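Presented below is the structure to which this report refers.
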Amino acid sequence: MASLYYSSTRGAGERVTASQAVLKGLADDGGLFVPETIPALPDSLENLAKLSYQELAKKIMGCFLADYTEEELSYCIEGAYDEKFDTPSIAPLHQVGSEYFLELFHGKTIAFKDMALSVLPYLMTVAAKKNSLQQKIIILTATSGDTGKAAMAGFADVPGTGIIVFYPKDGVSPVQEKQMVTQTGDNTCVIAIRGNFDDAQRAVKKMFSDKKLAEELLSAGYVFSSANSINIGRLVPQVVYYIYAYLQLMNKGAVRAGEQINVVVPTGNFGNILAAYYAKKMGLPVKKLICASNRNKVLTDFFATGVYDRRREFYLTSSPSMDILVSSNLERLIYEIAGCDAAATKAFMDELSEKGLYTLTEEMKARLADFCAGFASEEETAAAIKKIYDADGYVIDTHTAVGAAVLEKYRAETGDETIAVTASTASPFKFARSVLHAIDPACDGHTDEEQFADLERVSGVARPAAIRELETAKVRHTGVTDEAGMEAAVKAYLGI
Ligand SMILES: *Cc1c(COP(=O)(O)O)cnc(C)c1O
């Protein structure tokens with residue numbers, strides 16, 4: 001693939017290289033960059049199965065990031081997937097009975113966001129060099145809890161970059177909040193907002209497409225970019241681990257090359273599952289992509305009815321990283337099922353922001369057959385944690401449990417017993433209180449420290465370094481604002 005270009009889902013004609021798409025994050029017209037074609041798997045499954053995670057990542061990411069040289073990609077991938085991960089396999093597959101959990105939480109901040117955000121700073125600084133960018137890159141990010149920390153862990157003290165993170169003050173777990181407000185690095189800034197993730201994401205997107213603000217930044221020597229999954233540099237590294245999961249199943253003898261599997265993804269912003277969809281389009285033998293939501297089940301309703309309707313009550317749940325009503329990456333799927341019709345995609349997105357809903361055509365709805373969607377209530381989520389713990393002693397986090405609960409319901413409703421891989425998106429230590437409550441409500445009322453000890457006892461797993469570090473970490477960030485004050489906070493931090 002000598003040249004693969006990216007264009008915007010809202011199609012003002014902008015056509016950029018992969019490295020330019022990584023640098024910009026969002027297209028000028030407010031759309032998302034999509035590859036003009038999805039590349040095919042670069043080799044046979046049998047040959048790919050012999051590769052290490054890093055070797056596979058080079059091959060797969062190379063298919064998408066066509067203007068990066070092999071040396072550049074090696075530099076990025078070797079730098080990202082090293083001892084920062086606490087297991088050499090990077091993304092191990094854990095078997096519980098006949099179920100498989102793809103553990104994506106072995107990086108620095110113990111959530112799956114590390115899989116992409118450990119490599120994004122490398123992809124971005126290489127892209128800056130390739131494109132002779134003179135300005136300092138300011139990463140502006142809205143987080144539902146995990147992206148912000150993982151992005152800061154990746155970008156802290158990276159020369160030529162700065163990072164500003166907004167998180168919903170009352171919408172993250174205690175560990176998530178502590179991880180963020182104690183972030184070190186001279187180029188990091190964390191601000192809590194009075195509002196939810198959707199409020200933060202909307203304001204960030206607005207700042208990205210504000211031409212006047214862009215000019216002010218430019219004259220002060222800055223450009224914005226994004227570490228959210230709207231950045232193609234987030235999505236591409238996520239394609240790798242779905243393929244890796246399949247190859248691990250082959251190597252274990254659990255599937256024959258070519259045999260189909262189902263993939264279950266606990267979903268919020270629709271980034272992780274979109275990466276699985278890209279893996280399927282590359283030729284990975286996947287039957288159904290099962291989109292699992294918590295009580296904020298806008299996506300479940302969307303797949304059932306073809307109507308995306310965000311006008312509904314917003315709930316805070318035990319899986320806060322999925323408390324989202326406007327799933328940004330769905331726009332990339334809409335573009336795809338609209339037959340790559342950018343004008344139609346733009347019309348749907350305009351309807352969503354003006355009226356709060358849109359309705360797919362019958363033809364588009366028929367193209368959603370790769371997907372299946374379901375949701376789990378708080379009770380079902382807790383029951384899934386307990387059931388898997390009782391069966392095997394294995395402890396999953398609340399987000400992963402949403403996936404496990406939805407898979408169980410899917411199997412009961414469809415009778416489809418195809419072997420399934422569930423993306424395990426966070427370490428249970430990150431959501432210790434909810435996880436322990438599910439296993440043994442007698443643990444309620446324990447202090448944070450007691451909870452970590454409880455969890456070590458019940459799971460037989462020592463607390464990860466990310467938790468140990470919090471014990472002595474100092475609070476460094478105390479800013480709070482409301483949605484209306486976000487732009488002023490950014491300007492104040494940058495001194496413009
Ligand atoms: C971000 C996140 C999700 C949701 O992933 P999306 O790509 O936004 O759909 C699920 N679980 C955890 C733990 C997360 O951090």
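Counting convention: from 1, in listed order, for ligands and their atoms alike. In this text the structure is predicted, and so the values were computed from the model without any measurement.
In this structure, Tyr358 and Ile334 have side chains that are in contact, with non-hydrogen atoms separated by less than 4.5 Å.
Of the charged side-chain nitrogens involved, none lies within less than 4.0 Å of a carboxylate oxygen, so that Lys206 and Glu483 do not count as a salt-bridged pair. Taking the charged nitrogens against the carboxylate oxygens, Arg202 and Asp198 have no contact shorter than 4.0 Å, which rules out a salt bridge.
Residue Phe270 places at least one N or O, backbone or side chain, under 3.5 Å from an N or O of ligand 1. Checked against a 3.5 angstrom limit, the closest N/O atoms of Asp146 and ligand 1 fall inside it. Remark: ligand 1 and Asn269 share an N or O pair separated by less than 3.5 Å (distance only, no angle test). Of the N or O atoms in Met322, none lie within a sub-3.5 Å distance of an N or O in ligand 1. Inclusion of Phe431 in the set of residues having an N or O under 3.5 Å from an N or O of ligand 1 is not warranted.
Each of the atoms 4 (C), 10 (C) of ligand 1 lies under 4.0 Å from some heavy atom of Pro266. Close contacts of ligand 1 with Thr267, meaning ligand atoms under 4.0 Å from a residue heavy atom, involve 9 (O). For ligand 1, the atoms sitting less than 4.0 Å from at least one non-hydrogen atom of Ala426 are 13 (C), numbered in the order shown with element in parentheses. Atoms of ligand 1 found under 4.0 Å from any heavy atom of Lys113, numbered from 1 in the order shown, are 1 (C), 2 (C), 3 (C), 14 (C), 15 (O).
Of the protein's non-hydrogen atoms, Asn272 N, 2.8 Å is the one closest to atom 7 (O) of ligand 1. If you check which protein heavy atom lies closest to atom 11 (N) of ligand 1, you get Thr425 OG1, 2.8 Å. Regarding atom 9 (O) of ligand 1, its nearest protein heavy-atom neighbour is Gly268 N, 2.8 Å.
Put simply, the side chain of Asn296 never gets that close to the backbone of Phe314: no donor and acceptor are under 3.5 Å apart. Judged by distance alone, the side chain of Thr147 and the main-chain N or O of Thr143 form no donor-acceptor pair under 3.5 Å.
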- request: Start with the C-alpha distance between Ile139 and Met152, add both sets of side-chain angles, then the distance that settles side-chain contact (heavy atoms from CB on, under 4.5 Å), and finish with yes or no.
  value: CA-CA 9 Å; Ile139 305 294; Met152 288 190 290; over 6 Å; no
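Under 4.0 Å from ligand 1, not a single heavy atom of Lys430 appears. Under 4.0 Å from ligand 1, the heavy atoms of Phe112 that appear belong solely to its side chain.
Sorted by first and then second residue, the ring pair (Phe, Tyr, Trp, His ring centres under 6.0 Å) pairs involving residues 446-470 (not counting sequence neighbours) form an empty list.
Tyr242 and Asn272 share a donor-acceptor pair across their side chains, judged by distance under 3.5 Å alone.
Remark: Ser19 engages Thr17, Asp67, Asn131 in a side-chain hydrogen bond (donor to acceptor under 3.5 Å, both in side chains) (not counting sequence neighbours).
A heavy-atom separation below 4.0 Å is not found between Ser229 and ligand 1.
Between Phe101 and Tyr394, the ring-plane angle classifies as tilted under the 30° and 60° cut-offs.
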